[in-house]
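A short worksheet on the structure shown next.
Protein chains get the first letters and strands the later ones, always in sequence-line order, with residue 1 at the start of each.
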Amino acid sequence: MTSTPSSKRTSSNSARQPTDEHETDMEDLSQVLRHRREKFDALRERGIEPFAYNFSPTAVASDAIADFEAREKAEELPEDGFSDRVKIGGRIVGWRDMGRSIFAHIEDSSGRIQLYFKKNLLGEESFETLGLLDISDWIGVEGPTFRTRTGEVSVQVESYELLTKSMRPLPFGKVETDPETGERTVHSGFQDTEMRYRRRYADLAVHPEVRETFRTRSRIVTALRSFLDAEGFLEVETPVLQPLYGGASAKPFTTHHHALDQKMYLRIADELYLKRLIVGGLDRVYEISKDFRNEGLSRVHQPEFTMLEWYQAFSDYEDQMDLVERMVLHVLDEVMGSRTLKLGEHEIEVEAPFRRLGLVSGLSEALGRDVHEMTEEELRAKAEEVGAPDLHGAGRGKLIDKLFGELIEPDLIHPTFVIDHPKELSPLAKPHRSDPRLTERFELYIGGAEIFNAFSELNDPVDQRERFEAQTALREAGDEEAQQIDEDYIRALEYGMPPTGGVGMGVDRLVMMLTGQPTIRDVILFPILRNEE
RNA sequence: GACCCGGUAGCUCAGCUGGCAGAGCAACUGACUUUUAAUCAGUAGGUCGUGGGUUCGAGCCCCACCCGGGUCACCA
């Protein structure tokens, strides 16, 4: 071999002139992508279709391994050590070419399994074609399982077919497994957070643990549904496009309906529609919905997020605290199989009943004096003293809330119901039956974050109108998030809404807590990012 | 929105006081029929986020912008 292969390749490259658009594209591709394209063309030249139509596996990888080990343990393996033939489909994630034999790993939904290709078993042509395969291609293989000399259960491939040629390599890190501890070390993988979110498909393909997080998310949502279904709740769907927005304090996304020539808003909450259903006699309803708030992004905020809200006639917020406790424990038992939560450095045991802490009484205790006795000026001075930000135009209620947020909230790691909020903070909540300055409301904090928010729902239409009007005054004073007056909702209350307890829950945040993910982006498949370019 | 940090090969990153653009892995060629971060020999691969500026000379200094991350603020 006199001329080196590389010099052959280089000369053929330089000889190629960009004669048409296809060639020009090829010139623009990076070297890595160009090589893939060349293999793709070579496969077609050999009459091999790079994009198959279907494949019927007889097993997934983990089952094939488990079956082999079971037969081995039962001493049912034949003399030669080869077990039954299996057909497995998966993505090539590792490749070790030994000349006349090749070891590879494929990965399917269940995990990885090693493949062993032998030239004298596959034949010259079939074995040569393996050279046109790459990491991240999808293949289907067939052959018996056996245990290699180094002890790994593998498939000895008797035949294989290309299912999909990958034209772009996935950034798999090399995985080193400690034979003693089984501990996995990933070498130079796919770390760039921006790319991981923008190209979630690649992130999922490369990181089994990311796939697992989203499987867990799905199981959590299923468990929430089955819990409410079993409690006699009806799942309903209410409008996403709304002529008015309400049910929360937030800035909306605005859009326009052309045929009606009408301004519309994407919902910021489901609350007012769901309570209309309670008026109508659907006495237990819930909705799992995407809500939209035109606000900043953070570790715990996305503009598009998933909310669960439910409303139960004849109940109050005490009843709902009981229900929430049972729901949280149900999800832990059903999905996590454990009542222990790992939240950063904290490891906490979740037990009912959760701690209950009066917002005003808790704050009074922390300050060493009765908050109700303090003037607005005193509250403001105190808030400034503890460094609470953005106090412009804050009234009593807001000041109390800010003080609570600064002094107490960060320590609410264990599940804690914060209860009985000041009236001006809660325009949709019923006045407290024993203190008219307060409302019957709770927020459940876990890991320092608010996850549930609930009230005994305000059902007095006269009071509701006054609360809306107070919100309108706030709006006119410049509070962009103050709620609008919803005449139709007041009319619904005038028909009569039975006593009702209602709860809203941030699904994404609950999933964060349960799966131990540090940011909300890690539990949302396609988090919002700014457009590329 | 404000502040801080970052953007260099397909991936992970280095690049000193401004002086020829680097490594590991991946890729390509060859050797190797039980390897597993395979190994060994060789080769190729770059709009240094973008646009200006300073300079004999800019990945590095200056200005503006784009994108991301973190922190803060608002909301769940």
Looking only at the side chain of [X] (C-beta and beyond, no hydrogens), which of the listed nucleotides [options] gets closest?
X	options	result
A/Arg521	B/rG69, B/rA27, B/rU35	B/rG69
A/Tyr116	B/rG69, B/rA44, B/rU34	B/rU34
A/Met98	B/rG69, B/rU34, B/rC67	B/rU34
A/Thr148	B/rA73, B/rC32, B/rU35	B/rU35
A/Gln114	B/rU35, B/rU71, B/rU34	B/rU35
A/Arg149	B/rU35, B/rG69, B/rA27	B/rU35

Under 4.0 Å from OP1 or OP2 of [N]: is there any side-chain N or O of [X] that close?
X	N	value
A/Lys174	B/rC11	no
A/Arg530	B/rG68	yes
A/Arg100	B/rC32	yes
A/Arg96	B/rU35	no
A/Arg168	B/rA26	no
A/Lys39	B/rA27	no

| task | Going by the salt bridge (Lys or Arg N to Asp or Glu O under 4.0 Å) test, name the single residue among A/Lys165, A/Arg91, A/Arg168, A/Arg37 that passes it with A/Asp134. | result | A/Lys165

Identify whether any heavy atom of [X] sits under 4.0 Å from a base atom; if not, whether one sits that close to sugar-phosphate; answer base, sugar-phosphate or nothing.
X	answer
A/Glu295	base
A/Thr519	sugar-phosphate
A/Glu152	base
A/Tyr445	nothing
A/Asp97	base
A/Leu529	sugar-phosphate
A/Gly99	base
A/Glu309	nothing

For [X] and [N], give me the distance from atom [atom1] to atom [atom2], rounded to whole Å.
X	N	atom1	atom2	result
A/Arg37	B/rG10	CZ	C1'	15 Å
A/Asp134	B/rG10	CG	C1'	12 Å
A/Arg196	B/rC11	CZ	P	14 Å
A/Lys251	B/rA73	NZ	C1'	10 Å
A/Arg299	B/rG68	CZ	C1'	18 Å
A/Asp137	B/rA26	CG	C1'	14 Å
A/Arg198	B/rC66	CZ	C1'	11 Å
A/Arg36	B/rA26	CZ	C1'	9 Å

Quantified in whole Å, what is the [atom1] atom distance between nucleotide [N] and nucleotide [M]?
N	M	atom1	result
B/rA64	B/rA38	P	48 Å
B/rA14	B/rC48	C1'	13 Å
B/rU8	B/rU50	C1'	15 Å
B/rG52	B/rU47	C1'	16 Å
B/rG45	B/rU39	P	24 Å
B/rC65	B/rC13	P	28 Å
B/rC63	B/rA44	C1'	38 Å
B/rC60	B/rG7	C1'	14 Å

Is a donor on one side and an acceptor on the other found under 3.5 Å between the side chain of [X] and the backbone of [Y]?
X	Y	answer
A/Arg299	A/Pro518	yes
A/Glu443	A/Glu450	no
A/Glu309	A/Asp270	yes
A/Glu304	A/Lys290	no

Does the structure show a Watson-Crick or G-U wobble partner for [N], both distances under 3.5 Å? Name it, or say none.
N	value
B/rU12	B/rA23
B/rG6	B/rC67
B/rC72	B/rG1
B/rG46	none
B/rC32	none

| request: Report the C-alpha distance between A/Glu384 and A/Arg380 in whole Å, list the side-chain angles of each, state the deciding distance to 0.1 Å, and finish with yes or no for salt bridge (Lys or Arg N to Asp or Glu O under 4.0 Å). | output: CA-CA 6 Å; A/Glu384 278 167 7; A/Arg380 184 175 303 277; 5.3 Å; no

| request: Any chance you could measure A/Ile92, atom CD1, to A/Phe172, atom CZ, to the nearest 0.5 Å? | output: 10.0 Å

| said: Between A/Glu128 and A/Arg46, does any side-chain N to carboxylate O distance fall below 4.0 Å? | reply: no

| Is any side-chain N of the basic residue among A/Glu124 and A/Arg100 closer than 4.0 Å to the acidic one's carboxylate O? | no

| Less than 6.0 Å separating the ring centroids of A/Phe417 and A/Phe442? | yes

| said: Is there a side-chain contact (heavy atoms from CB on, under 4.5 Å) between A/Tyr286 and A/Tyr311? Walk through the geometry before answering. | reply: CA-CA 6 Å; A/Tyr286 75 95; A/Tyr311 295 84; over 6 Å; no

| field | Nearest-nucleotide 5' precedence on RNA chain B, A/Ile135 against A/Arg293 | value | A/Ile135

| field | For RNA chain B, the residues among residues 117-128 of chain A that have a non-hydrogen atom under 4.0 Å from it | value | A/Lys118, A/Asn120

